[in-house]
Amino acid sequence: MKALSVNKINKYFYVAQKFQVLKEVNFDINQGEFVSIIGKSGSGKSTLLYLLSTMDTDYEGAISINGTTVTGKSQNELAAFRNAHIGFVFQFHYLLPEFSLVENIMLPALKLKLKSKEEIEHRAVELLGMLDMKGTELKKAAAISGGQAQRVAIARALINDPAVIMGDEPTGNLDSRNTAIVFDIFKELAHNKGQTIIAVTHDDEFAQKSDRIIELKDGKIINE
Amino acid sequence: MKTNYRIAWVHLTSRFRQLAVATLSVTFGISMFIFMNSFISGVNEAQTVITFTSLAHIRIYNDLSAREPAKLIPDTVAGNALSVVNNARNIRYTEGIKDAGPILKALKKQKAITGISPQINTNVFIQNGVTQISAALSGVDVQKENKVFHTADYVVEGDFFDLQKHPNGIILGKGLAQILGVKVGDNISLTSASGGSKNFTIIGLLETGATGVDRSKAIVSLLAARQLNSKNKSYVTDIQIAVSDYNKAQKVAASMAGITSYKIEPWQLGNSQLDSANKLRYIMSFVISVTILIVAGFGIYNIMNMTVNEKIKEIAILKAMGYSGRDIVIIFLTQSIVIGLVGGILGLVLGYIISVCTGYIPFRIATSTTLPINFNTSDYVLGFVFGIVITFLAGYFPASKASKVDPVTIIRG
Ligand SMILES: Nc1ncnc2c1ncn2[C@@H]1O[C@H](COP(=O)(O)OP(=O)(O)OP(=O)(O)O)[C@@H](O)[C@H]1O
Ligand SMILES: [Mg+2]
């Protein structure tokens, strides 16, 4: 089964005049694949990722994730879908500053309500440990460094064991050691757990090591 | 669901200053609502009490004006004759209530009635030496009169009940006594309209607070009034009735219609200005206090709006993680409802405290020596309900705005 299938996507912005950001974008991603999306700044990588994430619904074409066509679903249906099937890591780490790190990680799972609070908390602590952040569980999110925040955001993206994990420059704020840690985790998730990873990146080394590279230029796929 | 409340709670507790300001504005609004309404209702009641020192809830009397003058010649005469009556005289066959006994008996059976006082009211001249003043004389049954008008409370010198022991005793309005230049213990002479004359000893002075009454009223026993007017034993001019709830006087009066053919008049009739003055005061206090609450509502609206703007990135991230618009509404609405509830409860307490304190401020009105304050449960319930409704509305709009945040716009930066 295809983890993700993108069918002739066109996306426009209307600033002063109509401006096409994505042009006939067409690709499939298999389950368990670790894909990097690269391209120059302004080529439309983030825009594409927001479409894949189901948050931006204003486009032409069709997207299906894990066999479910998400195009045309209502906002509430999409919210529930994201919660269960998609994990995110953003270019800037958006944590809830007044909550502890564990609580931040737990939030998507508390919404999903598949597991008990204790189980969720246990898993959150485990994830923090995996990302080399043992002992910081009860720190407030406002009181940690950018690199640490990015790792917490990654842990949060993993908490619901989503089928697809998307990252917009997930290692953008990390040093090479942390980048390596994150890369290994992604690889492990993709190859051993069968989770699909889609990461927008400017880091060529990161992209080269991944399973597959999709390159965008001026809103078109030039290299698959 | 629980998670939403937890998030709401964290938002609330992390902004203590704003929370305190919002809560206090609700507290202030609700306490003012309660205080104003308690005070106005106290003032209204004091006003009403003063009014009812001389006005009964229901009065039964012989309404001469309502009766057609007796017709001596029929209007239509047979044949071609034309009847013309010039200068027709109103011949009054009956004055006062001839036989009050059966009416009083029937009234006693009515449940809503708490007091019945038969009176003889006439105009008299009071003479003290050369001074001659006209006065409104009431002949009353002391016990019954007190039940209806609480007259004893307003007798400031002497004792109202002494009237029972002194067949020739009289109680004068304080203002009237001043005009006459008399004091307790002095003797005065009363002359009735029919020419009868009798001497009385002043045994007490009356002060109701209503100047018009205090300057004209004189009270004697029912027996003395009958003697003065040379009337028979069961003659009265008015039957004054007190009911348990004066607001229902009209209804009670209507239910008594079958008892007698004399005029049964509830106090609202002919005193509508009293009723409307009370209502106006209520409306005014209501409008002012609701305005205060609405201003408090705007305060909450403002604070919640700021919160939403401040937290807009967090809202976006929550939505990105799969929190629905409804979750976001709950998170932010919960915050304003908590503010409303806490502010409301504090407002009830503060309103009560302010009211109690105001009740100690010295002020002479009616029989009270402090500012009048009423404690009505309904004021507290209403204030609380209004407070909650207004905070709910004030919180709803920012919350619904928050739920419509587009995560992409925010996250894209
Ligand atoms: N909200 C918007 N309104 C109008 N134009 C936009 C909007 N967002 C992005 N664009 C434009 O769309 C194009 C693609 O933007 P996008 O953010 O997808 O680029 P990107 O490849 O992610 O760049 P970067 O590597 O710098 O993150 C750019 O030309 C950008 O100016
Ligand atoms: Mg980008």
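No hydrogens, no waters, no symmetry mates; every other heavy atom, side chains included, goes into these values. In what follows, chains are A, B, ... by sequence order, proteins preceding strands, each numbered from 1.
With a threshold of 4.5 angstrom between heavy atoms, Leu318(B) approaches chain A through side-chain atoms but not through N, CA, C or O. Residue Gln75(A): no heavy atom, backbone or side chain, is found under 4.5 Å from chain B.
Geometric assessment of Lys18(A) against the ring of Tyr12(A) yields a positive cation-pi assignment under the 6.0 Å and 45° thresholds.
The contact list for residues 371-406 of chain B toward chain A, using heavy atoms and a distance under 4.5 Å, reads Asp406(B) by residue number.
Taking all atoms of both residues into account, the shortest heavy-atom contact from Gly39(A) to Lys45(A) is O-NZ, 3.0 Å.
At least one side-chain heavy atom of Lys11(A) sits under 4.5 Å from a side-chain heavy atom of Asp56(A).
Taking the six-membered ring for Trp and thresholds of 30 and 60 degrees, Phe90(A) and Phe88(A) have nearly parallel ring planes, at less than 30 degrees apart. Note on ring orientation: taking the six-membered ring where Trp is involved, the planes of Phe332(B) and His11(B) are tilted (angle from 30° to 60°).
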Given the rule in the salt bridge (charged side-chain N to carboxylate O under 4.0 Å, His left out) test, do Glu98(A) and Lys311(B) qualify, once you have shown the distances and angles that lead to the verdict?
CA-CA 11 Å; Glu98(A) 290 134 348; Lys311(B) 305 273 179 203; 2.4 Å; yes
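When each of Pro407(B), Gly325(B), Ala316(B), Ser324(B) is checked for heavy-atom pairs under 4.5 Å with chain A, Ser324(B) comes out on top.
With sequence neighbours excluded, no residue satisfies salt bridge (Lys or Arg N to Asp or Glu O under 4.0 Å) with Glu60(A).
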